[in-house]
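Here's the structure we're looking at; comments come further down.
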2 protein chains.
Amino acid sequence: MKTINLTTQRQAVYDVVREAEDHPTAADVMNRLVERGHSFAYGTVYNSLRYLTEKEMIRELKLGEAASRYDARTDDHQHIVCEICGKVGEVMTPMPEEWMTRVAEETGYEVHEAHIVVEGVCAECRTKRKK
Amino acid sequence: MKTINLTTQRQAVYDVVREAEDHPTAADVMNRLVERGHSFAYGTVYNSLRYLTEKEMIRELKLGEAASRYDARTDDHQHIVCEICGKVGEVMTPMPEEWMTRVAEETGYEVHEAHIVVEGVCAECRTKRKK
DNA sequence: AATAGATTTATACTTATTCTAAATTGAAAT
DNA sequence: ATTTCAATTTAGAATAAGTATAAATCTATT
Ligand SMILES: [Mn+2]
Ligand SMILES: [Mn+2]
Ligand SMILES: [Zn+2]
Ligand SMILES: [Zn+2]
């Protein structure tokens with residue numbers, strides 16, 4: 001499971017995710033592929049996203065919406081979602097290691113990782129609100 | 001939006017969630033209603049869960065699985081999911097207030113709340129693993 | 001009892017995603 | 001160069017969770 005086989009389709013999907021600034025959904029990726037002149041089957045886009053995720057070239061994000069989003073940043077970080085416009089921002093402030101330790105003690109689980117989705121209002125939406 | 005109208009159906013759904021120990025899904029709730037001799041329409045169960053959530057009598061949890069889970073504990077807490085058996089545990093250790101402040105500074109968002117899903121391995125599954 | 005509003009029901013629909021079976025591709029072996 | 005075979009892609013059917021709709025039923029209030 002170490003070799004990575006990047007077909008034309010997988011490379012194109014990876015390019016779209018890598019060049020995106022906004023954590024696109026599978027449907028977003030599909031649309032952008034079409035804009036670039038590709039026409040892959042839906043299944044292929046889903047398969048490619050899964051493949052790239054398994055190879056850890058991208059990450060799949062479950063932010064509580066119906067559709068998964070994809071992220072070419074694979075370094076450890078979290079996300080913040082604007083309750084008004086839905087914009088997804090990066091959260092680089094790391095979770096204190098101590099919190100994880102406390103959770104392990106409290107629950108008896110061996111703790112591996114934490115997925116955090118912060119909800120709030122982005123700067124633009126705050127400005128508009130004060131109209 | 002202050003009065004609460006608990007119909008037979010809503011009360012029965014609430015009872016199931018309140019008496020559950022395991023953060024049931026809508027389908028779980030449906031099955032337990034049938035076990036108790038009820039036979040409500042699927043739509044009614046979803047409507048009731050939404051109603052109870054809006055009245056803040058229960059909470060809807062999005063833990064990254066396909067189906068939402070429901071929780072009669074409405075006090076502030078988080079969740080931990082076993083990667084092996086799927087068991088969902090409570091996490092009462094609060095996220096440090098300072099982390100939230102740092103995230104607000106970092107992102108420029110007004111931060112409202114954080115939903116955290118911790119992944120790990122529960123005590124039972126750890127025991128079994130050492131077979 | 002009549003009225004009106006809220007609720008429930010049965011069913012159709014939507015959305016996101018996975019599955020399937022056939023067709024295609026491409027690398028390795030002849 | 002041609003054959004071979006596994007991996008991949010394709011198109012479309014299937015699934016899962018949840019929402020929408022319209023008709024039927026409840027529940028106060030007059
Ligand atoms: Mn990100
Ligand atoms: Mn809980
Ligand atoms: Zn916003
Ligand atoms: Zn377990």
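As a basis for the values below, the full set of heavy atoms in this structure was taken, side chains included, without hydrogen atoms, waters or symmetry mates. Here the structure is a predicted model, which means the values were calculated and not measured. Per chain, numbering begins at 1; letters A, B, ... match sequence-line order.
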| query | Can you tell me how far C1' of C:dA16 sits from CZ of A:Arg50, to the nearest Å? | reply | 13 Å
| request: With salt bridge (Lys or Arg N to Asp or Glu O under 4.0 Å) as the test, would you mind laying out the steps for B:Glu124 and B:Arg129 before giving the verdict? | output: CA-CA 9 Å; B:Glu124 281 115 81; B:Arg129 198 168 50 183; over 6 Å; no
| query | In whole Å, what is the span from the CD atom of B:Gln11 to the C1' atom of D:dT27? | reply | 17 Å
| said: Is it the case that the side chains of A:Gln9 and A:Thr44 hold a donor-acceptor pair, with the cut-off being a distance below 3.5 Å and no angle test? | reply: no
| task | Can you tell me the distance, in whole Å, between the CG atom of B:Leu49 and the P atom of D:dA17? | result | 14 Å
| query | Given B:His77 and B:Asp71, is the side chain to side chain contact (heavy atoms under 4.5 Å, CB included) satisfied, shown in steps? | reply | CA-CA 11 Å; B:His77 69 285; B:Asp71 193 344; 3.0 Å; yes
| said: Under the criterion side chain to side chain contact (heavy atoms under 4.5 Å, CB included), I'd like the reasoning laid out for B:His79 against B:Leu61: C-alpha separation, chi angles, the key distance, then a yes or no. | reply: CA-CA 9 Å; B:His79 297 90; B:Leu61 309 178; 3.5 Å; yes
| Which residues share a ring-ring contact (aromatic ring centres under 6.0 Å, His included) with A:His115, sequence neighbours left out | none
| task | Using the six-membered ring of B:Tyr70, assess whether NZ or CZ of B:Arg59 lies under 6.0 Å from its centre and within 45 degrees of the ring axis. | result | no
| task | Answer yes or no: does a side-chain N or O of B:Tyr46 lie under 4.0 Å from OP1 or OP2 of D:dG18? | result | yes
| message | Regarding B:Thr25 and B:Asp28, do their side chains bring together a donor and an acceptor under 3.5 Å, going by distance alone? | response | yes
| task | Identify, residue by residue, the members of residues 57-69 of chain B with a heavy atom below 4.0 Å from DNA chain C, and return them in order of residue number, or none. | result | none
What pairs of nitrogen or oxygen atoms, one from the protein and one from nucleotides 3-14 of chain C, lie under 3.5 Å apart?
residue	atom	partner	partner atom	Å
C:dT7	OP1	B:Asn5	ND2	2.9
C:dT7	OP1	B:Arg10	NH1	3.0
C:dT8	OP1	B:Thr7	OG1	2.5
C:dT8	OP1	B:Gln9	OE1	3.2
C:dT8	O3'	B:Gln9	NE2	3.3
C:dT9	OP2	B:Ala41	N	3.3
C:dT9	OP2	B:Thr44	OG1	2.8

| note | The residue among A:Val13, A:Val16, A:Leu33 that forms side chain to side chain contact (heavy atoms under 4.5 Å, CB included) with A:His38 is A:Leu33
